[in-house]
Amino acid sequence: FKPDIIQAPLNIFDQRLIKSTWFKYLLKNNIKIHIRSIFLIDSKELPKYFYKWKKIFYKYENFCKSNNLLKIEACLNFVLQFKHVKGIVIGVDNIKQLDEITKIKKIKNKYIMSQLNSFSLNNKKIIDPRAWKL
């Protein structure tokens, strides 16, 4: 069985897909890639479970702040850099959020983009919702 399309999580912290052998397989076999779970929770809204990793969230948020980026802008641009991604699945709570997302501009600064790539985490207790104790 060869699927036409797959959907997988990808975000600044969770870069497992693009670092896996699956990514090369998908590209080689012309399987379309749609991405989900692209946004990160704000450090002010972290459930208690994530408190022990607050520093990671603060580091990312401070990076955005020092580079005049909205966090939503950084998250969206991170996944948009992968030209093989053919779709992004997002959820919104209201029209204001949708409007905000559609107005995000592409980041052309290669340094900023390389820094976003450097936030990759391997700790499944943070990046894999199945491991979360909420």
Side-chain angles (χ1 to χ4, degrees):
F1 172 71
K2 180 183 155 208
D4 297 325
I5 186 170
I6 64 106
Q7 186 184 108
L10 177 65
N11 62 56
I12 292 168
F13 290 168
D14 184 358
Q15 300 179 27
R16 292 175 292 174
L17 175 66
I18 58 171
K19 294 182 176 192
S20 72
T21 55
W22 278 107
F23 193 65
K24 291 177 185 170
Y25 172 83
L26 297 169
L27 299 178
K28 181 180 172 187
N29 288 282
N30 295 316
I31 299 170
K32 291 180 186 158
I33 303 168
H34 286 194
I35 298 304
R36 62 176 171 75
S37 306
I38 70 169
F39 298 118
L40 302 175
I41 191 166
D42 191 289
S43 65
K44 295 176 190 99
E45 300 171 2
L46 283 177
K48 189 176 180 180
Y49 171 77
F50 291 101
Y51 285 3
K52 58 185 157 195
W53 299 296
K54 267 188 172 184
K55 287 182 183 179
I56 296 167
F57 288 87
Y58 288 149
K59 182 180 175 186
Y60 160 68
E61 290 174 1
N62 287 332
F63 171 81
C64 289
K65 192 174 195 177
S66 66
N67 286 284
N68 296 316
L69 292 173
L70 297 172
K71 290 174 276 189
I72 192 171
E73 180 181 26
C75 289
L76 187 57
N77 271 277
F78 173 77
V79 296
L80 288 174
Q81 74 178 306
F82 303 103
K83 61 182 177 238
H84 304 296
V85 171
K86 299 302 179 195
I88 301 171
V89 179
I90 59 168
V92 295
D93 293 325
N94 54 53
I95 195 74
K96 182 181 176 195
Q97 287 179 345
L98 181 60
D99 189 48
E100 183 180 359
I101 291 167
T102 60
K103 290 181 179 173
I104 292 174
K105 301 213 182 317
K106 187 164 178 141
I107 297 172
K108 296 181 181 178
N109 184 314
K110 291 181 182 183
Y111 169 77
I112 290 175
M113 293 308 297
S114 70
Q115 292 303 302
L116 289 176
N117 293 335
S118 74
F119 283 98
S120 178
L121 300 174
N122 291 321
N123 187 337
K124 287 188 179 182
K125 291 181 179 179
I126 301 172
I127 61 174
D128 189 343
R130 295 171 297 180
W132 297 350
K133 309 276 191 255
L134 300 177

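This chain uses plain numbering: 1 for the first residue, then up along the sequence. Keep in mind it's a predicted model, so treat the numbers as computed, not measured. Values below: every heavy atom of this structure, side chains too, minus hydrogens, waters and symmetry copies.
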Can you tell me how far the [atom1] atom of [X] sits from the [atom2] atom of [Y], to the nearest 0.5 Å?
{"X": "Glu73", "Y": "Lys105", "atom1": "CD", "atom2": "NZ", "value": "9.5 Å"}
{"X": "Ile126", "Y": "Phe50", "atom1": "CD1", "atom2": "CZ", "value": "8.0 Å"}
{"X": "Leu116", "Y": "Leu69", "atom1": "CG", "atom2": "CG", "value": "7.0 Å"}
{"X": "Ile12", "Y": "Asp14", "atom1": "CD1", "atom2": "CG", "value": "11.5 Å"}
{"X": "Leu121", "Y": "Gln15", "atom1": "CG", "atom2": "CD", "value": "8.5 Å"}
{"X": "Leu26", "Y": "Ile18", "atom1": "CG", "atom2": "CD1", "value": "12.5 Å"}

If Ile, Leu, Val, Met, Phe, Trp and Tyr residues are connected whenever their side-chain heavy atoms lie under 4.5 Å apart, and connections chain through other members, are [X] and [Y] in the same group?
{"X": "Tyr49", "Y": "Phe13", "answer": "yes"}
{"X": "Ile90", "Y": "Val85", "answer": "yes"}
{"X": "Trp53", "Y": "Ile41", "answer": "yes"}
{"X": "Ile72", "Y": "Val89", "answer": "no"}
{"X": "Ile88", "Y": "Ile5", "answer": "no"}

In the structure I gave you, are the side-chain heavy atoms of [X] and [Y] within less than 4.5 Å of one another anywhere?
{"X": "Leu40", "Y": "Lys71", "answer": "no"}
{"X": "Asn67", "Y": "Gln115", "answer": "no"}
{"X": "Leu17", "Y": "Ile33", "answer": "yes"}

Taking all non-hydrogen atoms of both residues, which atom of [X] and which atom of [Y] are closest, and how far apart?
{"X": "Lys86", "Y": "Lys83", "answer": "NZ-O, 3.5 Å"}
{"X": "Ile101", "Y": "Phe39", "answer": "CD1-CZ, 4.0 Å"}
{"X": "Ala131", "Y": "Lys124", "answer": "CB-O, 3.6 Å"}
{"X": "Lys125", "Y": "Asn123", "answer": "N-OD1, 2.8 Å"}
{"X": "Thr102", "Y": "Asp99", "answer": "OG1-O, 2.9 Å"}

* Within the distance-only criterion (no hydrogens, no angle test), does the side chain of Asn29 pair as donor or acceptor with the backbone N or O of Ile31 below 3.5 angstrom? ->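 Absent.
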* Asked: Judged by atom type as modelled, is there a donor-acceptor pair below 3.5 Å linking the side chain of Asn62 to the main-chain atoms of Tyr58?
  ->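 Yes: the side chain of Asn62 pairs with the backbone of Tyr58.
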* Asked: Would you call the rings of Phe23 and Phe82 parallel, tilted or perpendicular, where under 30° means parallel and over 60° means perpendicular?
  ->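 Perpendicular.
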* Tell me yes or no: between the side chains of Asn117 and Gln81, is some donor less than 3.5 Å from an acceptor? =>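 Yes, because at least one side-chain N or O of Asn117 sits under 3.5 Å from a partner of the opposite role on Gln81.
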* Asked: Does Lys54 count as lying over the ring of Tyr51, i.e. NZ or CZ under 6.0 Å from the six-ring centre, within 45 degrees of the axis?
  ->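 Verdict for Tyr51: a cation-pi partner in Lys54.
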Counting only heavy atoms from other residues, nucleotides and ligands, does the tally under 6.0 Å from [atom1] of [X] exceed 12?
{"X": "Lys2", "atom1": "NZ", "result": "yes"}
{"X": "Asp4", "atom1": "CG", "result": "no"}
{"X": "Ile95", "atom1": "CD1", "result": "no"}

* To do: Please find out if less than 6.0 Å separates the ring center of Phe78 from that of Phe119.
  =>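 No; Phe119 has its ring centre 6.0 Å or more from that of Phe78.
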